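Structure record follows, encoded as structure tokens.
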Number of protein chains: 2
Amino acid sequence: MGVPYFTGRHTQMAGLRNTHEELTSAAIDLFLANGYEETTADEIAEAAGVARRTFFRYFRAKEDAVLPDHEGCLARVRELLERNDSGESPFATLTRASHLVLALYAQDPAKAVRRYELMRRVESLREREIMMTGRYQRVFAEYLYRVDTRIGDSDEDDDRLRHDVTAAAMVAAHNHVLRQWIRDGGGGDVHARLDAALDLVEAAMRGWQGENATDQGELLVVVARPGTPVWRLAQSIQSAAGSS
Amino acid sequence: MGVPYFTGRHTQMAGLRNTHEELTSAAIDLFLANGYEETTADEIAEAAGVARRTFFRYFRAKEDAVLPDHEGCLARVRELLERNDSGESPFATLTRASHLVLALYAQDPAKAVRRYELMRRVESLREREIMMTGRYQRVFAEYLYRVDTRIGDSDEDDDRLRHDVTAAAMVAAHNHVLRQWIRDGGGGDVHARLDAALDLVEAAMRGWQGENATDQGELLVVVARPGTPVWRLAQSIQSAAGSS
DNA sequence: TATCCTATGGCACTAAGAGTCATTTTGCGA
DNA sequence: TCGCAAAATGACTCTTAGTGCCATAGGATA
């Protein structure tokens, strides 16, 4: 078998023992009780009533026994971004992808809180989590690069910078919301909070301009007397916006 | 000795053999020639004419033999942020910190290019690098949280979100500039490029608003006939901005 | 010369992770 | 209900990263 790691395989009927689940909960229990480094893969396997080798068939590394199934989630995110069926904005699509990731935690708040407690004190787990967010960020940035090309004279490298920064900002907002939610004990509507945060990010990034940018926050006041033709208004607005 | 790893210790007189340098270059050579996983710490040590144990005295992990001295750089960044002597803006201080990190690569462009070649194909090294950027990002965000508190009615949680996003955006911009520079072969003035990129980030983040923000990019057009009192103008602008 | 102190070498040990093959379990069609 | 193919598991072995511990070499200092 080529890729034996758990990504939805190992399908178990209801009622039968779910090795994956037993391994993760045994791992979290032992880690919380005896410490992370102090717990060996042997002990986890034994606690789950399974052989050591089996443990490493379900998880490619010790850390993965605690962390959520990012591999599978990343695959779903990629699929979502490649489908790209609706006519929504790139940012909106990435927002949906963010919710997909958030659901990975939100669907089991109690476990999320326990995991967080663990990650708070184990450096190695924090590192792994950071790595994963880096993966998402990269996928986001690449998606933007693919679909958010702009017509006109905009500099290509500047566009890529904007894509990288946007992806980083979105992931940071996601992580912020997730962390706050978990610290609050896992109550309330996380998804609504994520939407609010991403709205702020989108608003800020909408102000991203190339080198010939107009100043943010500038007020454009057009004074016209009644009876002025509308095209005249449009003309002066345009020229004012262009010559800042 | 408590912390034996290289952070400026192992001071060598000029002319004596610099074990650290020999180990890193031996490591890069062997990794590029035979692959990363295929090269053991034993072989690196032997190539540097040193014992295996010595290798792990200089580097806490195999990956660290290739990567730049992030540990020391992080310490310098922390020191810079804690000094906080000048009266510049938080963003400007973080910009200086970014330049500090950039210098870690810019001071030896040839080695940076070789390293990049290596990281391009070794997942484990990419992971380590992502981890390190995560560390910087965290330090940046914490700095903002410390010094960029705002007076008035601004929501605290919203502030922290802004700090997280700002830090992420800055680090993303830094990494973007660094990557582009390395891909271009390591020529030109990286530091100038970083300044340009961070200027764009600052401009975008300046547009960050709390929940009662007016829409970014929205144009407010006031039409008034000549002779209208100024207070009347102000009144309608205010009411229009408030009801968006 | 006696003595420190630091870098190094050498050795043993733990544990993570991968390869391999035999064995069991499970799903499914006849 | 039986039997078969595929998947899951168990039981080894092996390599290598990383650590702890102690001995030693060799330069600096009193």
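Everything numeric here is computed off the predicted structure, so don't read it as measured data. Hydrogens, waters and symmetry mates are skipped; everything else that's a heavy atom, side chains included, is used. Just so it is clear: chains get the letters A, B, ... in the order the sequence lines come, proteins before strands, and each one is counted from 1.
Taking the screw axis at each terminus of the helix from dT1(C)-dA30(D) to dA30(C)-dT1(D) from five consecutive base pairs, the angle between the two is 10° to within rounding of 10 degrees.
Partners of T95(A) under the side chain to side chain contact (heavy atoms under 4.5 Å, CB included) rule, at least two apart in sequence or in another chain, are F91(A), H99(A), M170(A), D195(A), L198(A).
Between R162(A) and D159(A), at least one side-chain nitrogen of the basic residue sits less than 4.0 Å from a carboxylate oxygen of the acidic one, meeting the salt-bridge criterion. Salt-bridge annotation for R76(B) and E79(B): absent, with no side-chain N of the basic residue lying under 4.0 Å from a carboxylate O of the acidic one. Using a 4.0 Å cut-off between charged nitrogen and carboxylate oxygen, R138(B) and E142(B) count as a salt-bridge pair. Classification of R193(A) and D184(A) as a salt-bridged pair holds, one side-chain N sitting under 4.0 Å from a carboxylate O. Between E127(B) and R135(A), no side-chain nitrogen of the basic residue sits less than 4.0 Å from a carboxylate oxygen of the acidic one, so the salt-bridge criterion is not met.
For Y58(B), a side-chain nitrogen or oxygen approaches OP1 or OP2 of dT8(C) to under 4.0 Å. Put simply, T54(B) has no side-chain N or O that comes within less than 4.0 Å of OP1 or OP2 on dT8(C). An OP1 or OP2 oxygen of dT8(C) is reached within less than 4.0 angstrom by a side-chain nitrogen or oxygen of T19(B).
Counting heavy atoms from C-beta outward, H70(A) and R128(A) have side chains that stay 4.5 Å or more apart.
Because its NZ or CZ atom is not both nearer than 6.0 Å to the ring centre of Y116(B) and within 45° of the ring axis, R179(B) does not count as a cation-pi partner of that residue.
Residues from residues 35-46 of chain B placing a heavy atom under 4.0 Å of any atom in DNA chain D, listed by number, are T39(B), T40(B), A41(B).
The distance from atom CZ of R60(A) to atom C1' of dA15(C) is 19 Å, rounded to the nearest whole Å.
A ring-centre distance under 6.0 Å is not found for H163(A) and F140(A).
Considering only side-chain atoms of V50(B), the nucleotide from dG18(D), dT9(D), dG9(C) that sits closest is dG9(C). Side-chain atoms of A51(A) lie closest to dG10(D) of the nucleotides dG10(D), dA17(D), dA16(C).
One can find a donor-acceptor pair under 3.5 Å joining the base of dG17(C) and the side-chain atoms of R52(A). Between the base of dG19(C) and the side chain of R53(A) there is a donor-acceptor pair shorter than 3.5 Å. For dG9(C), the base has a donor-acceptor partner in the side chain of R57(B) [N/O atoms by modelled type, under 3.5 angstrom].
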